[in-house]
Amino acid sequence: MTLRADLQIIEQWIRPNSHILDLGCGDGELLSYLRDSKGVHGYGLEIDPDKISACVRKGVNVIEQDLDKELDNFEDKSFDTVVMTQSLQAMHYPDRVLEDMLRIGKEGILTFPNFAHWRCRLYLGLRGEMPVSDFMPYTWYNTPNIHFCTFRDFEDLCRERSIQILDRLVVDQSHQAGKLSALWPNLLGEIAIYRVTR
Amino acid sequence: MSGFPADSVGLVAPQRQSFSEPLRLACGKTLTQFDLVYETYGTLNASRTNAVLICHALSGHHHAAGYHNVDDRKPGWWDACIGPGKPIDTNRFFVVSLNNLGGCHGSTGPGSINPQTGKIYGATFPVLSVEDWVHSQARLADVLDIDCWAAVVGGSLGGMQAIQWAISYPERLRHCVAIAAAPKLSAQNIAFNEVARQAIITDPDFHNGDYAAFGVIPKRGLMLARMVGHITYLSDDSMGEKFGRELRTDRLNYDFTSVEFQVESYLRYQGQEFSARFDANTYLLMTKALDYFDPAESHGGDLTKALQNVKARFLVISFTTDWRFSPARSRELVNALMAANKPVSYLEIEAAQGHDAFLLPIPRYADALSGYMNRIEVDA
């Protein structure tokens with residue numbers, strides 16, 4: 001089984017045998033892969049019953065917990081890395097979750113879609129409508145993605161909160177890091193993968 | 001051919017095991033000898049690695065699955081979960097279910113004869129703790145030649161025993177499944193138990209626990225105790241749905257003796273039925289064991305420390321409308337396990353049935369439990 005493309009990139013940033021918390025762990029794909037390939041241990045938080053069940057079947061430690069509620073059941077610096085893939089934009093308070101990630105973990109790794117990608121800009125600019133695509137297939141009134149941001153927005157927030165960006169990889173829909181998207185990431189990158197610390 | 005459902009373990013018969021080596025109890029007393037009654041379902045494999053222990057709750061017993069007679073109306077109390085192809089699959093596992101020490105279904109308890117006096121123990125039967133139960137269950141495991149359980153599984157008070165197993169015998173179980181349980185009772189919970197105990201103790205037929213000598217049973221006290229208990233096992237929603245304000249009579253009688261609301265009739269029936277089949281001293285003893293259970297206490301109240309040497313993987317399950325053993329109590333356990341860096345999965349099942357949900361075949365619950373149990377490795 002091949003690992004989801006963004007997870008392949010994250011995997012490179014996870015040290016063997018480290019202690020990981022995966023916020024919104026889905027069906028446990030990343031955690032089960034890291035467990036088998038790198039001896040990584042930890043927990044995934046999830047609220048979708050079917051995905052939780054999939055984790056249980058994979059033998060992944062999954063905890064039914066809503067990220068939008070408090071994460072104060074986790075102690076400071078109790079994990080090496082806290083991961084959150086494609087969920088930041090779905091949080092009620094993305095900044096609080098980001099703060100919590102870096103309180104709980106020594107490092108945070110997160111991925112989110114870039115709302116300033118040229119296709120989004122074109123869609124909104126020319127059609128005057130909220131962008132809908134294969135990648136972001138929801139209508140504005142019925143989307144889990146309630147807090148879209150751009151790479152620049154995110155980096156502004158990091159600066160404001162004294163969060164240090166250790167790595168940034170900007171990729172397109174198929175998770176390829178092209179030369180052009182490295183040149184104009186906020187225009188040409190579709191997904192960013194950040195490694196942050198404080 | 002029997003008329004039992006295909007996914008039933010079918011006809012089962014209880015077994016009795018006597019233990020003659022004294023068992024020292026938490027209260028300081030010693031039981032010089034005792035019997036445990038138990039049932040088994042499925043087959044123990046050659047490597048003896050597929051044994052699962054089922055721990056029962058307050059009013060439970062050894063008859064967890066299958067039928068004792070061909071004309072039994074109902075199967076064992078956890079037949080929904082135990083059987084061929086069921087979440088605790090008897091095609092894979094050898095399941096052991098016992099009646100706890102102090103019980104009233106065959107194992108040594110307050111209704112047994114004290115070998116030292118030749119008389120019924122009655123009020124002199126020692127107050128037991130969850131730890132005592134676990135130690136007595138370990139003796140049964142020794143006799144069955146089971147070094148390590150594939151899993152110890154329990155709901156409610158049974159879940160507490162599963163937790164205690166992981167703490168007391170870390171090498172003797174690979175998985176701990178604690179359903180609708182708690183690492184300790186809250187004040188409210190102890191309060192409910194105290195009301196139940198007072199109902200029994202103040203019944204004139206209780207005779208300080210020696211009712212057997214007087215040829216009576218404190219039926220009314222037991223009935224009241226069960227009525228209070230039963231309310232706490234259901235949720236407001238499930239009671240509302242089941243009974244609402246429905247009347248059994250055409251009109252209100254404006255008196256205190258008629259059974260008017262359906263819920264009154266139901267509670268009385270439950271209480272009466274229970275008081276005829278359960279022993280008052282056992283009920284007192286079980287509620288005390290519940291109240292006393294607090295493995296963190298000997299670690300300065302630090303549950304994480306209490307769980308430090310645990311080796312089992314945990315599955316913890318709670319139910320949203322359970323207010324007797326609420327999800328918050330299960331989360332306490334889960335958080336302590338995570339803080340101790342122990343493997344644990346936790347599910348909070350949406351269910352309207354309150355505490356009783358743990359006994360019912362709720363699809364998501366059954367699916368998760370079977371998903372977890374099926375991953376447990378056992379030799380063919």
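Bear in mind that the values here come from a model prediction, so they are computed numbers and not experimental data. Every chain is numbered from 1 and lettered A, B, ... according to where its sequence line falls, protein lines coming before strand lines. Every heavy atom of this structure was used, including side-chain atoms; hydrogens, water molecules and symmetry mates were not.
- For the set A:Ile47, A:Val60, A:Ile52, the entry with the most heavy-atom pairs within less than 4.5 Å of chain B is A:Ile52.
- Residues of residues 343-361 of chain B that come within less than 4.5 angstrom of chain A, heavy atom to heavy atom, are B:Pro343, B:Val344, B:Ser345, B:Tyr346, B:Leu347, B:Glu348 in numerical order.
- At most 12 heavy atoms of other shown residues, nucleotides or ligands fall within 6.0 angstrom of atom CD in B:Glu377.
- Taking non-hydrogen atoms and a 4.5 Å limit, the residue list of residues 93-110 of chain A in contact with chain B is empty.
- Between B:Ala339 and A:Glu75, the shortest heavy-atom distance links the atoms CB-OE2, 4.5 Å.
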Residue pair B:Met338, A:Asn73: steps toward the side chain to side chain contact (heavy atoms under 4.5 Å, CB included) verdict: CA-CA 9 Å; B:Met338 288 200 290; A:Asn73 53 326; 4.0 Å; yes
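- Within a 6.0 Å sphere centred on CG of A:Asp48, other residues, nucleotides and ligands contribute more than 12 heavy atoms.
- With respect to chain A, the highest number of heavy-atom pairs below 4.5 Å among B:Asn374, B:Val334, B:Asn341 belongs to B:Asn341.
- Here the CG-CD distance, from B:Asn335 to A:Gln65, works out to 7.0 Å after rounding to the nearest 0.5 Å.
- Between A:Asn61 and B:Arg313, the side chains place a donor N or O and an acceptor N or O closer than 3.5 Å (distance only, hydrogens not considered).
- Neither the backbone nor the side chain of B:Leu369 comes within less than 4.5 Å of any heavy atom of chain A.
- Sparse packing is recorded around CZ of A:Arg15, with 12 or fewer heavy atoms of other residues, nucleotides or ligands lying under 6.0 Å away.
- B:Arg375 and A:Arg57 get closest at one heavy-atom pair: CD-O, 3.0 Å.
- Applying the 6.0 Å contact sphere to NZ of B:Lys305 captures no more than 12 heavy atoms from other residues, nucleotides or ligands.
- Shown here is B:Asp236, whose CG atom has no more than 12 heavy atoms of other residues, nucleotides or ligands within 6.0 Å.
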